[in-house]
Every structure is written in structure tokens, then in C-alpha cells.
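Have a look at the structure below before the remarks.
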Protein chains: 2
Amino acid sequence: MAKKRTTTLKELANELKLSISTVSRALNDHPDISPATKEIVKNLAKKKHYAPNLFARGFRSQETHILGVIVPNISHLFTSTILKGILEEAEFRGYRVIISESQNNESKQIEMLKTMTQFGVDGILMSLAKKTAALDAILQILNHKPMVLFDKVSDKIPCTQIVIDEEEAAYNAVEHLINLGKKRIAILKETENSFNSEKRYAGYLRALRNNEIAIDEKIILSTEDISLKNGSRLTRMLLSLKKRPDAIFAITDNAAIGAIKALHKFNVKIPQEIAVVGFSNSVNSTIIQPALTTVDQPGDRIGRTAVAYLIKEIENPDNDEAIKTVEIKTSLLVRDSSFTA
Amino acid sequence: MAKKRTTTLKELANELKLSISTVSRALNDHPDISPATKEIVKNLAKKKHYAPNLFARGFRSQETHILGVIVPNISHLFTSTILKGILEEAEFRGYRVIISESQNNESKQIEMLKTMTQFGVDGILMSLAKKTAALDAILQILNHKPMVLFDKVSDKIPCTQIVIDEEEAAYNAVEHLINLGKKRIAILKETENSFNSEKRYAGYLRALRNNEIAIDEKIILSTEDISLKNGSRLTRMLLSLKKRPDAIFAITDNAAIGAIKALHKFNVKIPQEIAVVGFSNSVNSTIIQPALTTVDQPGDRIGRTAVAYLIKEIENPDNDEAIKTVEIKTSLLVRDSSFTA
DNA sequence: AACGTTGTCGCAAACGTTTGCATAAGAATA
DNA sequence: TATTCTTATGCAAACGTTTGCGACAACGTT
């Protein structure tokens, strides 16, 4: 490849017999420069395909207009939907985005955080790896760089956090089951004290209490990895109880689908005998039979607002008070797994 | 936030009463520097958390160690799996990755290409937007920057391309149906002359010819947007034919799932009356009943090899001849939609 | 006629790093 | 002892851009 160097300010200046500074200012529409000069400079710039060396600019101004993003797992539909929102909003605002994947590995996560700040990103968007425990490194970086957390967050980190209304969403989902006449509602959740799982569990409890339904530990089931397989496994446990539940609220679509598969195997009628509600609105929720009632999480809106808050913080760094938790509204999509016409 | 400036070479030099150049060389293990000096420099550097300003370094050396990636749609499982591979391999090789989404918009794609080169990425990985027609801008950039295409490629662009063995995979899928005893095999494909669709169609034709099965235009169906809905629609068309097919090869899992849904609605037995094969190994392919036979595309391997070839080109730019098309092997996952024990 | 104002433009420094070249001291050789 | 060779270090330029300050006209105003 003929690595033809790109046009620089100096070349333009030489050709026009102007100073570099004048050319620079002309291109940046500085008021000191006469319209006539601007005109000819811009024309030549266009003709020679001038494009500022963003590296030099960033180097000089200490602003890179790059946002760093760290997520646990990029190939997860919800995550990539958030990323889509991030990319769109960032592009719209004139920022570029560097993405890294922590693979749910805490030390990798810290490593990436360091590389990114070292690299000079203007701010950081992060969704925490599971079992993130050592917060000191993160707090350390938070001193230097603006940071916004989304989805997997922690209230131990004092920065703006964008999440969905986990508790509220779970409350609505469970209350929907109650309104259907269900009285024994099981929940499939995570054992680890994951932020999301805890909030959803809280919503579940509040819905039961508010409707004066007794809480039964026997139908509150937890698992380390809230996957399809474990959803099936836990459901089989529920079916072996003397008093079976009449509804299952799974903290995750995958677990809910696992539940449905298990119910099929044991010829349990959905939703008549046992209704099922999931959480995520994954593509699969419409593929499974019966179609799954689930909570729709607007991933792109999470991404967009995260970027919006981060850029606000970048562009006026003084606003120290502005730390807050933003909750994005979700909605319950009622489908066949919890509804009969 | 207290924007405490980061440590620089100058600060280290001052504190040690050494020159900046000595400090720089010491940290880079330059042979001119005595082991003793290296020792003390490195110690202080570690103590003061020195990290080189990559912007300054990239600015100076014109090497950013950043790869630019452009994909049509990030929230597509296959794409994000490729991205996962790209991220992993890049990180392993000491490169960072900037990702942009063209949203299948050609002018946006060109815009991003320009921004990235302007930004100074060392090379570009790209999956083409649909209907990419104006190649001149891309060719122009190809003169300046190393570039590798993957998944959605075009043989009109003279650069290394990483794809799966589309034709071979389709051939195997169709031959699998033939071996099952199927004689009238329909295909659901795309109308647009998309690279992938054309190749798969070619594999379909070759399999039929090789097995001396007549080609019937009536069961070769095309659609602009090869989606679940259109898969259903086209399948209903097939069912209304006098001579129904006994198998359907869909160019996409989504279309195949649409086909299965339509077959269910008309109470057609799968695979006894009509077998179905898809392409992609999406998550959904295991959710649908019956589980879908499909082609497994190793996305992460595509990503990894794309990065490997790109970096090779970056690190020795002379190798002009090395332009080639690399085909990643796929495998057919036989499941219930085309098999009975 | 002297002054202030306004409109254009250039000079030069600065950002942090790398690197070719010069330099100094000491070691090895003649 | 004089010379050349190492070894270890410093000087200064360069990368492309932005920007504070100063220069210099050409005005209009007293």
C-alpha cells in the first residue's frame, strides 16, 4: 500500500502563503479571520481532502472525544442492544466509542479500566462484572475520569447509574399474576447478591405483601447461574412439591423458557395450571410455545441516557452534586404464557 | 472531580535528576541504559503510577494500535459473536478496538470509514452494509489503510476477506436433506444480490445437480428481507402449490423458524411431511419445536482470523500479494426438524 | 494631528513522547 | 602515554494542532 501521507495544516499554509495559525483559525471559523480568507482556505482544504489529525488535536487539548465502554459479555442480546443505543447517541454527539469485554472477569475489568484511562478516554461507561468486589481500583479511577454505570451497577460506587425500574417491573409482573387469580407464585432467582436479582426479588415480595399473600420459602428458589437449564431443573423441583405453585415468576427469560420446557415435559397446562412470566423480552420469548409474558427492557434507551449523562458530566466537570440513579421505565408484555382470551 | 493530572516523563526525570530521554529509554528497556538506572527509574515509575500518554505516543509514532470495526448491525447475535472474537484477539495482540455501526446505511458507512482513518486507526475491519454500491470511496481509503472484510464482503474490493464456506455449507445442508430421501427441496433466499445469499443458492443448485434432481423454479422463492415473517409468508405460498415440496432449505434461521410456524398452523408434520433446515445456529434454533437443523457458523473464529490477517498486514505493509479469501469451515447441526430416530 | 478602535493576521509556545546525534567518562588497546 | 572503543547519558528536534499575545494596517473620533 502506498502510504501517502495525509494533508496537514502546514501544507495548506505554504500553498496559500499564510501562517499555520491563520489556516487553523479559518477552518475553525474563528471570528478574527476575514470571510474572504476563510473562503479560500476552506476551498483548498476541501480540494486537498484535508482532515485534521485527531491524534494531534487530542494530544494538544487533552480531549479525545472518545468514550470507553466496558461490558461483561458483548454477545448477549440485551447488552448489544444497549451498545447500539450507546453508539447511536455517541455518534450523534460527536464522540467515538471504544468497547472492551471484561468476560465477567474482575481483574480483566480493572486492567481494561486502566488501559482506557491511560489511553485518554474522556469518560467511561461500564456494566459491572459479576462478583465485582474490589472497588478501590474503580474508586481510584473515578477520581480522575467521569464515569457512568449501567445495568449491572453497585450502590457502593458514587457515580451516576442508569438502570431499569427493576423493583417496579417485578412488582407489576407479579401483580399481573395475582390479578389473574393466582395465589401461589413461585420465583426463580439468583443466589449471588446481584443487584438486579435482589431488586426483582424485592418487587416480588412487595407485590405479595401488598396483596396479602403469604410468603412461602419453599417456592422461592435460587441458583448460581440463572440459565435455561437451571430454570428447568428448579421447575422440576417445584413440580415435585406436595403443594405445587400455580404460577412461576422467573427473573430471566432464559430461566422462564427452561421452566416452560419442563412444564411441557410433565404435561402441565400453561397458563391454566401454571402461568409463567419472564424478564427481558429476548427474541426467544416469542419463539417458545406458548409465547412468554415478559418485561420489555428498552436497551437502547438505557444506552442513550447513559451517554447523555456521561457527556453532561464531561462537559461541565464541576457539577459534583449531580450524582443520581436514573430509572428507565419498562413495560409488561402480556402474552399467552399468562393469559387466555 | 479533582482532575489530577497524570504523571509524565518530565516529572520522573526531574525527581531523579535525569534527562527525559534517559527515563524514556529506561522504561522501554533500551540497551543503552545501565541496569542500575533502569531499576531506579522503573521503581519510581511504578510508585508514581506512571502510564505513558498513548495519545502523545501515537501522535509521535503515527501508530495508534487501534483497529476500527464497522458492522451493519451490532445487536445481531452472529455479529456480536464475531465482535467477541475480534475483541479477544485484538486485546491479546495489544490492540484496542473502536466499533461503529453503519445501520446498513451506505453513506453512514463511508462517513465512518473517513472518520476512522482521520482518527488514525492502524487498520480497518468491515462487514459491508446492504446494497453497498459506490465502491470508489472504499477503494480510496484502501490505498491508505490496511483493511480486511468479513461476513458481508464483496469481491470487487481487492483486500483480504474472511468468510464462512457459504457454498459448501449450503451444499452439505441440501445433500443432507437428499440423503434423507427428500426429492422436492424448496429454498427461501434473498432477492438482492447479497454475497451470502448468492453463495448459498449456488450450493443449493450444485447439490441438486450433483444428485440429479430437477430444478423447479416454482419452489425457489425470494424476498427482499429474509425475516421470520417473510419466512412464514413464503412457506404459505409453498403450501398452496399443487405439488408441495417435501423439504425447505431456508437461507436463515429466522426464515426457517417462520417456516416452522407456518407449517404448524397448517398441521404439516415436521420432518415427516416437510423437513426444514436453517442457517446460523441462532439461539432460537434450539427453542423452537421441533429443534431446528442448522449450519453452525463459528463467529468468534471469523473475528479472530480477521484480526490476525489485519495485524499481519499492518506490521509488514510491503506484502502486497497477500490478498486472499479465507474460508472458515462450518458444520451442520442435525436436529429434530430434519431427522427421526 | 494625535489618539483609540477594530479587523486581520503571524509568531511562538505548548502538549508528552521518541530518537538521531553528540558528549563525557572510563576501559581497552597499541 | 596516546589512541581508539565502549558504555551511559543528555540535547534537541520532530510529530500536527491550538491559542495567547503582539503587530500592523485602516479606519473613525476627538
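Because the structure is predicted, anything quoted here is derived from the model rather than measured. Each chain gets a letter, A, B and so on, in the order the sequences are listed, and its residues count up from 1.
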Exercise. Does atom NZ of K130(B) have more than 12 heavy-atom neighbours from other groups under 6.0 Å away?
Worked result: yes

Exercise. Atom CG of L16(B) to atom P of dG10(D): distance rounded to whole Å?
Worked result: 10 Å

Exercise. Is there a residue in residues 17-31 of chain B whose heavy atoms reach under 4.0 Å of DNA chain C, and which residues are they?
Worked result: I20(B), S21(B), S24(B), R25(B), N28(B)

Exercise. Bend angle of the helix from dA1(C)-dT30(D) to dA30(C)-dT1(D) from five-pair axes at both ends, rounded to 10°?
Worked result: 60°

Problem set entry | NZ/NE/NH1/NH2 to OD/OE distance under 4.0 Å, D122(A) and R96(A) | no

Exercise. Taking atom P of dC15(C) as reference, at what distance in whole Å does atom CZ of R57(B) sit?
Worked result: 19 Å

Problem set entry | K38(B) NZ - dT9(D) P separation (whole Å) | 10 Å

Exercise. Is the number of heavy atoms from other residues, nucleotides or ligands under 6.0 Å of K42(A) NZ greater than 12?
Worked result: yes

Exercise. Between the side-chain atoms of R60(B) and the base atoms of dT18(C), is any donor-acceptor pair under 3.5 Å?
Worked result: yes

Problem set entry | Salt-bridge criterion met for K131(A) and E106(A) (N-O under 4.0 Å) | no

Exercise. Do you know which two heavy atoms are closest between L135(A) and K156(A), and how far apart they sit?
Worked result: CD1-CB, 3.3 Å

For this session: Pick out which of V69(B), L67(B), T117(B), L149(B) makes a side chain to side chain contact (heavy atoms under 4.5 Å, CB included) with I124(B).
Result: T117(B)

Seminar exercise, completed: Taken in chain and number order and not counting sequence neighbours, the residues that satisfy ring-ring contact (aromatic ring centres under 6.0 Å, His included) with H65(A) are Y95(A)

Problem set entry | F59(A)-dC15(C) aromatic stacking (under 5.5 Å, under 30°) | yes

Problem set entry | dC9(C) phosphate, OP1 or OP2, under 4.0 Å from S34(A) side-chain N/O | yes

Exercise. Where do S75(B) and L77(A) come nearest, in terms of heavy atoms and distance?
Worked result: O-CD1, 3.9 Å

Exercise. How long is the line joining CG of D32(A) and P of dG22(D), in whole Å?
Worked result: 14 Å

Problem set entry | Distance below 4.0 Å between Y50(A) side-chain N/O and dG16(D) OP1 or OP2 | no

Problem set entry | Nearest-angstrom distance from the residue atom CD of E39(B) to P of dA8(D) | 15 Å

Exercise. Could you give the CZ-to-P distance, from F55(A) to dG16(C), as a whole number of Å?
Worked result: 15 Å

For this session: Send over the distance from E63(A) CD to dT18(D) C1', rounded to a whole Å.
Result: 12 Å

Problem set entry | Rounded distance in Å - CD1 (I33(B)) to P (dT6(D)) | 18 Å

For this session: Look at the side chain of E101(A) and the backbone N and O of I74(A), then say whether any donor-acceptor pair between them is shorter than 3.5 Å.
Result: yes

